[in-house]
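This report concerns only the one structure given below.
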Amino acid sequence: MQAIILAAGMGRRLGELTRDNTKCMVAVNGERLIDRLLRQLSRQSLERVVIVVGYKGKELRDYIGHRYDDMLKIEYAENPVFDKTNNIYSLALVKDQLQEDDTLLIESDLIFSDRLIPMIVEHPYPNLALVAKYESWMDGTMVRLDDDWNIVNFISKDAFDFDDADSYYKTVNIYKFSRDFLRQQYVPFLDAYTKAMGNNEYYENVLRIISMLNGHQMKALPIGQEKWYEIDDVQDLDIAEALFANDEDVLRKYYGRYGGYWRFPQMLDFCYLVNPYFPSRRMRDELRSNFDTLLTEYPSGMKVNTLIASKCFGVSESYIVPGNGAAELIKILMEDNLQGKTGFIRPTFEEYPNRFDKERQVTFVPQNDEYRYTADDLKAFFTDKDIQTLMLINPDNPSGNFIPKADVLGLAAWCEELNIRLVVDESFVDFSIDHATHSLLSNELLERYPHMAIMKSISKSYGVPGLRLGILASADKQLIAHIKKEVSIWNLNSFAEFFMQIYNKYEKDYKEACEKFVSERDCFESQLRNIPFLRVMPSQANYFLCEIQPPYTGAEIVVYMLRQHNILIRDCSLKPGLDPQKQYMRIAVRNHEDNMRLIKALRQFKKS
């Protein structure tokens, strides 16, 4: 068997990274793609490796040099018109070599698991394509398969139909062909196709014609959960570096993305905190039916969106301001509108203290191993601290601590007496038991406690983080008016505006979703408590803070879950306010199926 590597392309979309080198010279986590590929091929008993070069071909040859002479016999073919042709011409240049042996055909801009080459080489079927179930990040040639994994059609970009996407597989661009197939079918069709269509085409088009004439010539081998990525641009490179990072670096690369985890195929995200049961299907359908309008039309400005937010959340227009996520409002509130010292409770959601002058922070840390605290605890601690603002997240993040509404209102009255502004973030309150009675979003309460401001991230309990929507409410009209002036006139997109516009029609569905969530959280908690190396703390939110029992560490469990099960959870061990001598992680609550998948994975973990 031999391998042929196509490496003639220019890689224009990688910009500066390919100005002086071809694509396969790009490094992922310090290792060049060509080195990784040749290392993987060197483990097979190959007669030779033929590399088709073009753009910066001399530089590639010089780089490879003789470093692999004791492992591989490397030959080269030159595509002198790489800038005027596509990969069908590069392959046609080595059609004689193709007919001399069984062949692995590999494109050089790939990064993939070490298991893929043995997977295709050892499979008994002679003509085989590695394929992956279609994901939204994938581009290029798709295939359709029958029940026996025969490739019955190659789908070009022009023929791609999103309505059929669930039935598509993406070719990984790693193929195995028998010498007989290459001699008798592929090369003759390749000659005929290039004569008829020219050289600015793709070699998959020849496979498409063969599959149409005889659908059982090639089979597909799905790669399942094996990792791979095709690197065409800098975003692909960024994702590939996260996928293939070493254990010491992988968490930094994932956590540093701050979301966007939908770009990682099949990964379960137990870091970010959203309602798994809302929006309802009916509400999603209404959003989808208006997609074209919302995409192509401008949203309303602040005045109209404030009116819609007022209607949606039942607060007077002059008391509420919507934001591009709560993050926009937190930034403005903490950086521009708070005087004097501010009281914080740690551990907490660090966005608030991170946006505030460290020299003016007064921090309360509960002195117990479950990080529980009450309104009375806060009053006792902050009474003599000369603070002008008190920041309360209720339920708190990551501890899940919850102060009942009556006690929060008692704290608000205490703050009124001392002229302290109380900021309550109730982003998770709708996950609490009897949630419908716990929100502070009402004109009556805001007017009774004018020093109180209520922040709410709509992403969390409403399950729509992609909309980027949050609100701040207070009867302090001066504060609200100032924040409205600070945000952009078009700070909300049309989808967020439309969500608020139609939400009240689905309020019943939302309440049912929250009730369903509470039931699922109880079930999930009972399962987590049976994991012997976790100490689970009670929570009224959509996550659990868990202490990891020695000798285990948060990092090793999180890396294990990501590597072995494609599940991402949050290592909280270094979070300010948590005991630095102990290990912690925060686990989100998802739907029942996902939660049970995580429980099963945790049960399989053993310290190596």
Could you check whether [Y] and [X], counting side-chain N and O atoms only, form a donor-acceptor pair closer than 3.5 Å?
X: N275; Y: Y510; result: no
X: E426; Y: S439; result: yes
X: E328; Y: N491; result: yes
X: H451; Y: D476; result: no
X: Q367; Y: R372; result: no
X: E286; Y: Y506; result: yes
X: Q583; Y: Q549; result: no
X: N591; Y: E520; result: no
X: D376; Y: T374; result: no

Aromatic ring proximity [X]/[Y], centre distance under 6.0 Å:
X: F244; Y: Y229; result: no
X: Y560; Y: F605; result: yes
X: Y272; Y: Y261; result: yes
X: Y543; Y: F270; result: no

Which heavy-atom pair separates S432 from H438 by the least distance, and what is that distance? OG-CD2, 3.1 Å
Sidechain N-carboxylate O distance under 4.0 Å for R563, D247: yes
Is the shortest distance from a Lys or Arg side-chain nitrogen in K456 or D430 to a carboxylate oxygen in the other one below 4.0 Å?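 Looking at D430 together with K456, the answer is yes, because their closest N to O distance falls below 4.0 Å.
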Show me, pair by pair, the donor-acceptor contacts under 3.5 angstrom made by side chains of residues 293-303, not counting sequence neighbours?
| unit_1 | atom_1 | unit_2 | atom_2 | d |
| --- | --- | --- | --- | --- |
| T296 | OG1 | D292 | O | 2.7 |
| S300 | OG | E497 | OE1 | 3.4 |
| S300 | OG | E497 | OE2 | 2.6 |

Output a table of donor-acceptor pairs, distance under 3.5 Å, between side-chain atoms of residues 392-402 and any protein atom two or more places apart or on a different chain; print 'none' if there are none.
| unit_1 | atom_1 | unit_2 | atom_2 | d |
| --- | --- | --- | --- | --- |
| N394 | OD1 | I403 | N | 2.8 |
| N394 | ND2 | I403 | O | 2.9 |
| D396 | OD1 | T348 | OG1 | 3.4 |
| D396 | OD2 | Y373 | OH | 2.7 |
| N397 | OD1 | R586 | NH1 | 3.1 |
| S399 | OG | N401 | N | 3.2 |
| N401 | OD1 | Y373 | N | 3.2 |
| N401 | ND2 | Y373 | O | 3.1 |

Please check this pair: side chain of N493 against backbone of L467, looking for a donor-acceptor N/O pair closer than 3.5 Å. yes
Is it the case that R521 places NZ or CZ above or below the six-membered ring of F431, under 6.0 angstrom from the centre and within 45 degrees of the axis? no
Lys/Arg cation over aromatic F364: R346, 6.0 Å, 45° cone: no
Can you give each donor-acceptor pair under 3.5 Å made by side-chain atoms of residues 313-326, sequence neighbours left out, with the distance rounded to 0.1 Å?
| unit_1 | atom_1 | unit_2 | atom_2 | d |
| --- | --- | --- | --- | --- |
| S316 | OG | N443 | OD1 | 3.2 |
| S316 | OG | N443 | ND2 | 3.0 |
| Y319 | OH | E447 | OE2 | 2.9 |

